[in-house]
Amino acid sequence: MITQTLPLIKDSERLENRLKEIPQTPGVYLMRDSSDRILYIGKSKKLRNRVRSYFRDGKNHTHRISLMVQQIVEIEFIVTDTEAEALALEANLVKQHQPYFNVLLKDDKKYPYLCITWSEDYPRIFITRKRRLGKVKDRYYGPYVDTRLLRNTLNLVKRIFPLRQRPKPLFKDRPCLNYDIGRCPGVCQTLITPEEYHKIVQKVAMIFQGRSRELIDILNTQMEKEAESLNFEKAAAIRDQIRDLNSLNADQKVSLPDDQISRDAIALAGNNQIACVQIFQIRAGKLVGRLGFIAEIPNLGTTEIQELGSILQRVLESHYQIVDSVEIPTEIIVQNELPEGEFLQNWLTEKKGKKVEIFVPQRQGKAELIEMVKKNAEYELARLEKMRDRNNEAMTDLAEILDLPELPHRIEGYDISHIQGSDAVASRVVFIDGLPAKQHYRHYKIKNPEVYSGHSDDFASMAEVIGRRFRDYEKQPTTEKPDLIMIDGGKGQLSAVVAVMEEMNILGEVLVVSLAKQREEIFLPGESQPLKSDAEQPGVQLLRRLRDEAHRFAVSFHREKRSQRMKRSRLDEIPGLGHHRQKLLLGHFHSVDYIRMATVEQLAEVSGVGPKLAQQIYDYFHL
């Protein structure tokens, strides 16, 4: 008979022995339950004191922490040399294990970032909603709440400074018009060295670091030097840059008496599921950035002040870990006291090399600033709640139309794309709780030999895709099964899919419907007439959004595949030039036209293409 280990709070002797084993050093602790699941991951500069506090101050705990303490069966710890190492280790472990009782920041695509690819010789600057952390040198600024302001700022920056304007060269042997009008320094033809280009991009980075005032001071000094050297044309160009920089955030002034101090103000608004957090970045009295975060926390009570502080602490730690030291302000105003504010303050002071203060405002001006940040967070929360309510309304309506026993959690949509059978592909898109879940999207290449250029068969293609989808499910039972499948088309497509699902004996397990384009009619298997519904009611609109997304995803893949085939069509005729070398050539020259214009020596420079093959390629285009 297996005896279950008691929680530590009910086994005082084992608890005390375990606490004695934990050292009074910086480090990270992991709380586990009886099934060895990690409940919580935390950090402290004195591990034993921090862990002991969970078991002796029960009345001061929030509901969430009290619930967690009742389940702790084992405590692990990892010792670090410094508090900074403990903070970094905790962040990595929380991201890896996603413990239930930790405050978790949601990776929401609602807010975009600005990326500068410092890992490249000629860094690119672009807006993205995906933060890829694979390349350590690349830097992401944000996430920004005001997307329009971010785009306007980037567009203005590209007019102020000469930057690369195109991802790929327009011409092989000369720069484009952007170089002639001074918008680009000729990156495509390497008319500027990587070192000099980095200097330009560093000035751009200063703007998004909130250091516009510092940049203007630097440019003023450069302008004066150029004027003294009688380089009046360069001095005038710098003067224009300064004028345009002054126009950035000109109307964003925040009235505070000590407006020369750089400060961040953070506040949140939450319900019992999520919290919307905003950080206002104020530099020299001007609002230079508004960042937004979404946090999820279990058993969140909106009246528990300690919980609000825990959320703010988690957001600040996550944000300041990825910024440069010059971006850390000397003053951080918070809505509520942080549970480990001293820890964070010491770490930021050490990282910046200058004293950083974190405090809850008492004076009217700064208190009003926090209230303004909170109001903006409330606005974002209201928008998020409205969007979720709209999705719930749509799913409820769809469940009623289809007579489902419960709301459809996972809905999959399928579509076919081709041109008279050529380059036939299919798409699968997935909506989770009414919202796109792009991590589950998938493309399919149609393998049916009966589908080829000049001959299409959408019925057979759709049946093939559904069959492959559920054969994958049989091989990987852990894959989530959909609650509903939607086929783009009418009764013909639906009948073909129903036949393959009956053959696989899964028709009774998953509901499948089709949505016909002409009148937005919904058909069920075996029914000759569509369901009674209105094209404008929420449930049908949800299926329309799913159908349109499946169509977009299929068409984009079809165009990509067709483009690749057309690029390779001429190269396929060259003897000895296989698919792999074609990719290398296109990757180097970017187009077949540039390959045709290249010399034998230039062709031979491509990896995998020797002098003999280079001569064959050249002869193909010129003999």
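All of these numbers come straight from a predicted model, not from anything done at the bench. These numbers come from the heavy atoms of this one structure, side chains and all, not from hydrogens, waters or symmetry mates.
The pair Lys199-Glu196 meets the salt-bridge criterion, since a charged nitrogen lies less than 4.0 angstrom from a carboxylate oxygen. With respect to Arg139 and Glu327, a salt bridge is recorded, a charged nitrogen being found less than 4.0 Å from a carboxylate O. Contact check on Lys352 versus Asp324 returns no salt bridge, with no Lys/Arg side-chain nitrogen under 4.0 Å from an Asp/Glu carboxylate oxygen. Contact check on Lys355 versus Glu357 returns no salt bridge, with no Lys/Arg side-chain nitrogen under 4.0 Å from an Asp/Glu carboxylate oxygen. A salt bridge links Glu549 with Arg552; the closest basic N to acidic carboxylate O contact falls under 4.0 Å. Using a 4.0 Å cut-off between charged side-chain N and carboxylate O, Arg243 and Asp240 make a salt bridge.
For Leu215, the side-chain contact (heavy atoms from CB on, under 4.5 Å) partners at least two apart in sequence or on another chain are Phe161, Lys203, Met206, Ile207, Leu219, Leu245. In terms of the side-chain contact (heavy atoms from CB on, under 4.5 Å) criterion, residue partners of Lys158 (sequence neighbours excluded) are, by chain and number, Leu154, Leu163, Gln165. With sequence neighbours left out, Tyr29 forms a side-chain hydrogen bond (donor to acceptor under 3.5 Å, both in side chains) with Tyr54. In this structure, Tyr122 has no side-chain hydrogen bond (donor to acceptor under 3.5 Å, both in side chains) partners at least two apart in sequence or on a different chain. Scanning for side-chain contact (heavy atoms from CB on, under 4.5 Å) contacts around Asn92 gives an empty result, with sequence neighbours left out.
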Quiz prompt | Stepwise side chain to side chain contact (heavy atoms under 4.5 Å, CB included) check, Ile127 with Tyr144 | solution = CA-CA 10 Å; Ile127 296 171; Tyr144 292 98; over 6 Å; no
Self-check item: Worked check of side-chain hydrogen bond (donor to acceptor under 3.5 Å, both in side chains) between Gln364 and Glu368
Solution: CA-CA 6 Å; Gln364 184 177 4; Glu368 288 174 350; 2.9 Å; yes
Practice problem: Take Asp33 and Tyr100 through the test side-chain hydrogen bond (donor to acceptor under 3.5 Å, both in side chains) and record every step on the way to the result. | Solution: CA-CA 11 Å; Asp33 65 7; Tyr100 179 75; over 6 Å; no
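At most 12 heavy atoms of other shown residues, nucleotides or ligands fall within 6.0 angstrom of atom CD in Glu342. Lys351 NZ: more than 12 foreign heavy atoms inside a 6.0 Å radius. Shown here is Gln24, whose CD atom has more than 12 heavy atoms of other residues, nucleotides or ligands within 6.0 Å. With a 6.0 Å radius and a threshold of 12 heavy atoms from other residues, nucleotides or ligands, Tyr379 has its OH atom at or below the threshold.
Residue pairs satisfying the salt bridge (Lys or Arg N to Asp or Glu O under 4.0 Å) criterion with at least one member in residues 68-86, sequence neighbours excluded, are listed as follows: Arg18-Glu74, Arg32-Glu76.
Of all heavy-atom pairs between Asp264 and Gln281, the closest is OD1-CA, 3.4 Å. The heavy-atom pair separating Gly182 from Pro162 by the smallest distance is O-CB, 3.7 Å.
Looking only at side-chain heavy atoms (C-beta outward), Asn376 and Phe280 come within less than 4.5 Å of each other. Ile358 is listed as a side-chain neighbour of Val334, based on a closest heavy-atom distance under 4.5 Å.
Looking at Glu317 and Gln321, their side chains never bring a donor and an acceptor atom within 3.5 Å of each other. Side-chain contact, Tyr111 with Glu380: a donor N or O sits under 3.5 Å from an acceptor N or O.
Phe553 and His443 have parallel rings, their planes meeting at less than 30° on a 0 to 90° scale where 60° marks the start of perpendicular.
In this structure, Leu338 CG and Glu340 CD are separated by 9.5 Å, a value rounded to the nearest 0.5 Å.
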